[in-house]
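Following: one structure in structure tokens, then a few remarks.
Values below: every heavy atom of this structure, side chains too, minus hydrogens, waters and symmetry copies. Protein chains get the first letters and strands the later ones, always in sequence-line order, with residue 1 at the start of each. This structure is a prediction, so every number in the text was calculated from the model and none was measured.
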Number of protein chains: 2
Amino acid sequence: MSTQKHIQEIRTFNRFYTDLIGLLDKHLLNSDYSLAEARILYEIFTAKELSASDIIYRLSIDKGYLSRILKKFEKEALIARKPSADDARVSLLSLTDAGLEVFNGLNEASEKQIMALISTMSVKQLDALIGHMKAITGLLGK
Amino acid sequence: MSTQKHIQEIRTFNRFYTDLIGLLDKHLLNSDYSLAEARILYEIFTAKELSASDIIYRLSIDKGYLSRILKKFEKEALIARKPSADDARVSLLSLTDAGLEVFNGLNEASEKQIMALISTMSVKQLDALIGHMKAITGLLGK
DNA sequence: AATATTAGTTGACAAAGTCAACCAAATTAT
DNA sequence: ATAATTTGGTTGACTTTGTCAACTAATATT
């Protein structure tokens with residue numbers, strides 16, 4: 001692959017996901033949740049039960065910030081905290097039914113944003129994007 | 001495609017790009033530029049010459065915020081403003097050599113972040129991701 | 001020529017995120 | 001066992017990021 005072409009692919013890819021971020025930010029703005037909040041809900045959903053520290057580790061988020069977001073989530077009844085049997089300092093977090101509903105709503109909205117973005121791209125651009133992902137995969141020997 | 005599988009793909013995809021956003025945010029944090037700033041540089045790079053209004057239109061960014069960022073860019077000599085011949089209210093923006101250098105640096109750093117993320121994914125996950133993009137493309141009749 | 005629109009700047013503010021100090025529980029060293 | 005250190009989490013004070021409305025100057029509309 002020529003360097004020139006490679007640079008072009010990087011730009012295509014960067015362009016794609018920065019646009020995606022823009023769209024995502026916008027749709028989250030219309031929702032009542034920030035990107036950080038959406039990511040936190042995702043972590044809790046995926047793990048079923050985890051501690052605040054786990055989230056800090058996975059998302060590299062500030063613990064003070066997280067603490068406040070979790071407080072808000074609890075107030076909105078999106079999450080439940082159960083004291084850990086192993087460690088009295090720790091609360092185990094899980095999504096409530098309301099939390100799951102919010103999480104699903106955010107995911108569905110994301111999907112729409114992705115489709116909206118992809119629909120603005122040409123077949124050529126899409127191919128370039130997929131090709132670039134594959135190229136990276138190849139570079140990594142997978 | 002079964003609904004269950006479809007939901008799973010959406011989640012894979014959402015997960016991928018929200019993680020990407022997290023990484024991107026972090027690397028931008030280590031740089032001296034915010035995501036908004038990176039996107040603005042991208043626009044100016046792509047268009048060669050455009051007005052602040054063009055950027056507002058393309059990125060749906062607040063004009064007050066943009067105004068301040070452009071002021072900062074000008075102070076750092078990343079951009080040049082040339083009065084438009086057509087409209088005396090408008091300045092046409094372009095990247096300086098310094099601005100181009102910053103833009104290239106940000107792009108390169110992004111690439112590293114993408115590779116870092118992809119390297120954590122399994123072949124199966126990557127296939128799912130690419131498959132999902134293709135599926136969306138197919139749904140859109142491309 | 002009067003009126004309305006548009007491009008861009010600025011001030012005041014709100015939201016997002018960071019940092020350091022702190023408390024309580026757990027772990028390690030002595 | 002207990003003193004010293006580390007870890008999980010909360011809070012207050014702060015910075016950065018982003019929004020909104022008011023304003024000026026130039027352009028477009030009637």
Which whole-number value in Å describes the distance from [X] [atom1] to [N] [atom2]?
| X | N | atom1 | atom2 | value |
| --- | --- | --- | --- | --- |
| Asp87(B) | dA28(D) | CG | P | 6 Å |
| Tyr57(B) | dT6(C) | OH | C1' | 16 Å |
| Leu35(B) | dA15(C) | CG | P | 21 Å |
| Arg89(B) | dT6(C) | CZ | C1' | 4 Å |
| Arg58(A) | dG8(D) | CZ | P | 14 Å |
| Ile79(A) | dG9(D) | CD1 | P | 11 Å |
| Lys63(A) | dT11(D) | NZ | C1' | 12 Å |
| Leu50(B) | dA7(C) | CG | P | 13 Å |

Would you mind telling me which of [options] lies closest to the side-chain atoms of [X]?
| X | options | result |
| --- | --- | --- |
| Arg81(A) | dG9(D), dA25(C), dG18(D) | dG9(D) |
| Ala36(B) | dG9(D), dA26(C), dG18(D) | dG18(D) |
| Ser53(B) | dG18(D), dA25(C), dA7(C) | dA7(C) |
| Asp62(B) | dT19(D), dA26(C), dG8(C) | dT19(D) |
| Ala88(B) | dA26(D), dT10(D), dA25(C) | dA26(D) |

ILVMFWY cluster, Phe73(B) and Ile56(B) together (side-chain gap under 4.5 Å):
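Yes, it is one cluster - the side chains of Phe73(B) and Ile56(B) are joined through contacts under 4.5 Å.
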
Give the ring-plane orientation class for Phe45(A) versus Phe103(A), where under 30° counts as parallel, over 60° as perpendicular and anything between as tilted.
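It falls in the parallel class, under 30°.
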
Considering residues, nucleotides and ligands other than Glu76(A), do more than 12 of their heavy atoms fall under 6.0 Å from its CD?
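Yes - once you tally the heavy atoms of other residues, nucleotides and ligands closer than 6.0 Å, there are more than 12.
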
A quick test of your reading: do over 12 heavy atoms of other residues, nucleotides or ligands sit less than 6.0 Å from NZ of Lys72(B)?
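Yes, the 6.0 Å shell around NZ holds more than 12 heavy atoms from other groups.
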
Taking side chain as C-beta onward, heavy atoms only, is Val102(A) less than 4.5 Å from Leu95(A)?
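Contact flag for Val102(A)/Leu95(A) side chains = no.
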
If we ignore hydrogens and angles and just use 3.5 Å, is the side chain of Ser51(B) paired with the main-chain N or O of Ser91(B) as donor and acceptor?
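A pair under 3.5 Å: no.
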
Does Asp87(A) have any side chain to side chain donor-acceptor pair (under 3.5 Å) partners at least two apart in sequence or in another chain, and if so, which?
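Partners of Asp87(A) by the side chain to side chain donor-acceptor pair (under 3.5 Å) criterion, ordered by chain and then number, come out as Arg89(A).
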
Give, ordered by number, those residues of residues 64-75 of chain B having at least one heavy-atom distance below 4.0 Å to an atom of DNA chain C; if nothing qualifies, reply none.
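The stretch gives Gly64(B), Ser67(B), Arg68(B), Lys71(B) as the residues lying under 4.0 Å from the strand, ordered by number.
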
